[in-house]
Amino acid sequence: MNSKVKKIVDRSRAAGWVIEPLAKELLQSYQLQTTRFVWARTESEASKGGEAIGYPVVAKIVSADVIHKSDVNGVLVGIGGAEQLVDAYRTMSRLPGFDGILIDEMIAGTELIIGAKNDPQFGPVILTGIGGTSVEIYRDVAIRMAPVSREAALDAVTSLHGAGLLQGYRGREPVNLDALSGLIVSFSEMVYKLREVV
């Protein structure tokens, strides 16, 4: 574990989870690609961050006290300019534990979740599912022990009830299943390496 990863893990222990900008930095430390983002802690940084990413952008609350951002109106999408972004910053600054906003590029596609848990009995396990914030409603997930092989990752994805959504359903662009499987493999390897510290 490099020093940057250790600092992120140590900083996150008190909250019991890693806030999103630090989670993105953690992923990047293991060569996992993320969306382009800026962590803005002032209105000026927010304005500059929006210009750096390029509008439209997404703004999200950064707070160790807010786990489900959408539950507290801590996510705003389609922000088209600096004035709107600064307004979002001011609104979110009133939320509990405010530590700035995450400014993220907007991307389109099929929403999936990839997560992990260090199970006391089985060790690190990987969850893959359809949906992001809606995953708890769909409950369409597959769980595999980490690290996973490319074959196991592909099996997890194709075993989902909503797997058809990934294959170009009703004219939509199909997901690159080979790239998705590779992402799951790389994520599972990171989780396995971190199993002793989280």
Mind listing the closest non-hydrogen atom pair of G50 and Y55 along with its distance? CA-OH, 3.5 Å

Could you walk me through whether T128 and V157 pass the side-chain contact (heavy atoms from CB on, under 4.5 Å) check? CA-CA 7 Å; T128 305; V157 171; 4.2 Å; yes

Would the number of heavy atoms belonging to other residues, nucleotides or ligands and lying under 6.0 Å from CD of E83 be above 12? no

Does F187 have its ring centroid less than 6.0 Å away from the ring centroid of Y192? no

Contact check, side chains of K24 and L102, non-hydrogen atoms, under 4.5 Å: yes

Within one Ile-Leu-Val-Met-Phe-Trp-Tyr cluster: I103 and L95, side-chain cutoff 4.5 Å: yes

Are the side chains of L165 and I130 in touch, meaning some heavy atoms are under 4.5 Å apart? yes

K4 and E25: which non-hydrogen atoms are nearest, and at how many Å? CE-OE1, 3.6 Å

How many angstroms lie between atom CG of N73 and atom OG1 of T91, to the nearest 0.5 angstrom? 9.5 Å

If you compare all heavy atoms of S186 against all heavy atoms of L32, which two are closest, and at what distance to 0.1 Å? CB-CD2, 3.4 Å

Verify the cluster assignment for L76 and W39: are they in a single hydrophobic cluster under the rule of side-chain heavy atoms below 4.5 Å apart? no

Gap separating the CD1 atom of I184 from the CD atom of E189, nearest 0.5 angstrom: 12.0 Å

Identify the heavy atoms of A59 and I101 that sit nearest to each other, and give their distance. CB-CD1, 4.3 Å

Establish whether F98 and V58 are linked, either directly or via other cluster members, by ILVMFWY side-chain heavy-atom contacts under 4.5 Å. no

Please answer whether the main-chain N or O of G129 pairs with a side-chain N or O of D140 as donor and acceptor at a distance below 3.5 Å. no

Under the side-chain contact (heavy atoms from CB on, under 4.5 Å) rule, what do L26 and L194 come out as? Steps first, then yes or no, please. CA-CA 11 Å; L26 182 70; L194 292 172; 4.2 Å; yes

G123 and N118: which non-hydrogen atoms are nearest, and at how many Å? C-OD1, 3.4 Å

Could you tell me which non-hydrogen atom of A142 sits nearest to which non-hydrogen atom of R144, and how far apart they are? CB-NH1, 3.9 Å

Under a plain distance cut-off of 3.5 Å, with no hydrogens placed, do S63 and D99 share a side-chain donor-acceptor pair? no

How long is the span from the CG atom in L112 to the CG atom in L160, to the nearest 0.5 Å? 8.0 Å

Measuring only between side-chain heavy atoms, which start at C-beta, is I79 closer than 4.5 Å to P56? no

Would you please test I67 and W17 for side-chain contact (heavy atoms from CB on, under 4.5 Å) and show each step? CA-CA 9 Å; I67 297 175; W17 64 288; 3.8 Å; yes

Answer yes or no: is there a side-chain heavy-atom contact under 4.5 Å between E20 and V62? no

Tell me if a side-chain donor or acceptor on R90 pairs with a main-chain N or O of E43 at a distance below 3.5 Å. no

Same cluster or not: Y89 versus I19, using hydrophobic residues (I, L, V, M, F, W, Y) connected whenever any side-chain heavy atoms lie under 4.5 Å apart? no

With a 4.5 Å limit on heavy-atom distance, are the side chains of V185 and P147 in contact? no

Let's go through M92 and K60 carefully: what are the C-alpha distance in whole Å and the side-chain angles of both, what is the deciding distance for side-chain contact (heavy atoms from CB on, under 4.5 Å) to 0.1 Å, and is it a yes or a no? CA-CA 8 Å; M92 291 183 194; K60 305 177 193 176; 5.7 Å; no

L166 side chain near L177 side chain, heavy-atom distance below 4.5 Å: yes

So, the side chain of S188 versus the backbone of V148: is there a donor-acceptor pair under 3.5 Å, distance only? yes

Sub-4.5 Å side-chain heavy-atom contact between D119 and M145: no

Is there a path of hydrophobic side-chain contacts, each under 4.5 Å between heavy atoms of I/L/V/M/F/W/Y residues, joining I61 to L85? yes

Considering only heavy atoms from C-beta outward, does the side chain of V9 approach that of V18 to under 4.5 Å? no

Please report the interatomic distance NZ(K193) to CZ(R195), rounded to the nearest 0.5 Å. 10.5 Å

Do R36 and D104 meet the salt-bridge criterion of a basic N to acidic O distance under 4.0 Å? no

